[in-house]
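The block underneath contains the structure these notes are about, expressed in structure tokens.
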Amino acid sequence: MPRFKRTLFVSFLACLIICDATSIDSGKNNKEDECNLPQEVIDDIASYASDVDKIIDYFVRGPYKGKTFESISTFIDKFGSRLSGSQVLEDSIDYMLAASMENDLENIHTHQVEVPHWVRGEESATLLKPRIKKMPMLGLGTSIPTPIGGITARAIVVKSFEELDALSEDEVQGKIVVYDQPFTKYGDTSDYRSRGASEAAKKGAVAALVRSITPFSIASPHTGSQKYAANVRKIPVAAITLEDADLLWRIQNRGEEIVVNLSMSATQDTKMSRNMIADLTGSDSPNKIVVVSGHIDSWDVGDGSMDDAGGCFISWVAPIALKTLGLRPRRTLRALFFTAEELGLIGAEAYEEDHNDQNDNLNFVMESDSGTFAPLGLRYEGSPTGACMVKELLKLFSSINATELLLERPGSDITVWTKQGIPGGGLHNDNGRYFWFHHAEGDTLNVLDSDVIDLNAAFWTAVSYIIADMKNDIPRD
Ligand SMILES: [Zn+2]
């Protein structure tokens, strides 16, 4: 995009964040930075400065330096990827239960939930015309298989749903629809992955291929879940690489016929799995709960180090570190590992449904599931006063440059609570490269950095401690 347009666009984005922040922070008053927190709240938050420094020191220079990464490494090398419904996922949960006991956490238990078990099996996508090329691909979670031998059909490439809509049914009937949509934002672009198959099926397509949802690729396909619309014929769907989607688009633009064979043998059933819970029981108001969380399941490609072992482990070490440091908060700090996030927040939704009698006591819910690159601050959703309190406590993290508050959706699993107005925070980190590795073979331990994990663990532990311990609850307004 031209420079001036980019500037305008950046200003627009900045306005989305800052202009919004102004109106939320100040309530009826439009003056920026006007939070009007009572002085006693400000003083209470400020009183945690020495605890914050103590926690940072413990992780970054002290006895826990390198330990979080070491725990992740041991876990990842032992189990690898942890697909929903797989035995290895259950084994990894058992391992974390035992490790939680060894580390003297409290109220350690699991919560049973039925989860989808989708197994991709053998699969391939081959360009047959105008030349033969094996295309790296990954079937999308919950896709049906193709018949044995696959589907061989002409392909038609579109850049958007609008382009597909503009085609007649005759033009799409019996073909494989290829989506070559550009990557804009994950939330928007992943729409093609979620409903690409059903949209193509409505027009009579026999299968769909979706350009992987990533801004960058070295010929890597990226998987993810998709959802069939009700009352629409189900067709097989897979992700192909950015490179191949663009290639097919160029071939079509030259007026050449494209023929592809797509072969998939995916199966699906259901299995029992578990969410895992481990607490540091509150000293004063044990019924009040602050959650730190991540999801323990992963896709079957890569080993899920980034998505989401990193997020799980910084949540898991928070209560352990606090206990070791003798910092038991007033409220209970609950580490929650959700199962089957990748297949559609299955674990989180079941947990919320079975524990909604505790919702009134949930003071704050935190989730780390968008990378553990250098911490920058928090993404927050909730009451304006809560935003002011969080903004105030982030001032204590200037030594590690993690003071930024973004007013945006903080997580995926915790939306089961934030959508009800329960305040939540997500780890805001320098994750510009997150989608390079996301849901792909490249999501391995090499994405993580031990020193950066220490910073995240320190930040996550200290933030959750302050919120679990400070005199005032984060209000819901
Ligand atoms: Zn995730």
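The shown structure was predicted, so the numbers you read here are calculated from the model rather than taken from an experiment. Order of listing sets the numbers, starting from 1, for every ligand and every atom in it. One is the number of the first residue; the rest follow in order along the sequence.
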| field | Qualifying residues under side-chain contact (heavy atoms from CB on, under 4.5 Å), relative to Ser220, sequence neighbours excluded | value | Ser217, His222

| request: Would you name the heavy atoms of Leu138 and Thr223 that are closest together and state the gap between them? | output: CD1-N, 3.7 Å

| request: Give the C-alpha distance, both sets of side-chain angles, the deciding distance and a yes or no for side-chain contact (heavy atoms from CB on, under 4.5 Å) between Leu97 and Thr110. | output: CA-CA 8 Å; Leu97 282 169; Thr110 58; 3.6 Å; yes

| query | What protein N, O or S atoms come within a distance below 2.8 Å of the Zn ion (ligand 1), ordered by chain and number? | reply | His295 NE2, Asp307 OD1, Asp369 OD1, Asp369 OD2

| Arg195 NZ/CZ over Phe161 ring centroid, <6.0 Å and within 45° of normal | yes

| query | For the ring-ring contact (aromatic ring centres under 6.0 Å, His included) test, which of Tyr434, Phe435, Tyr192 pairs with Tyr186? | reply | Phe435

| task | Report the residue from Asp308, Thr68, Ile72, Ile314 that forms a side-chain contact (heavy atoms from CB on, under 4.5 Å) with Thr372. | result | Ile314

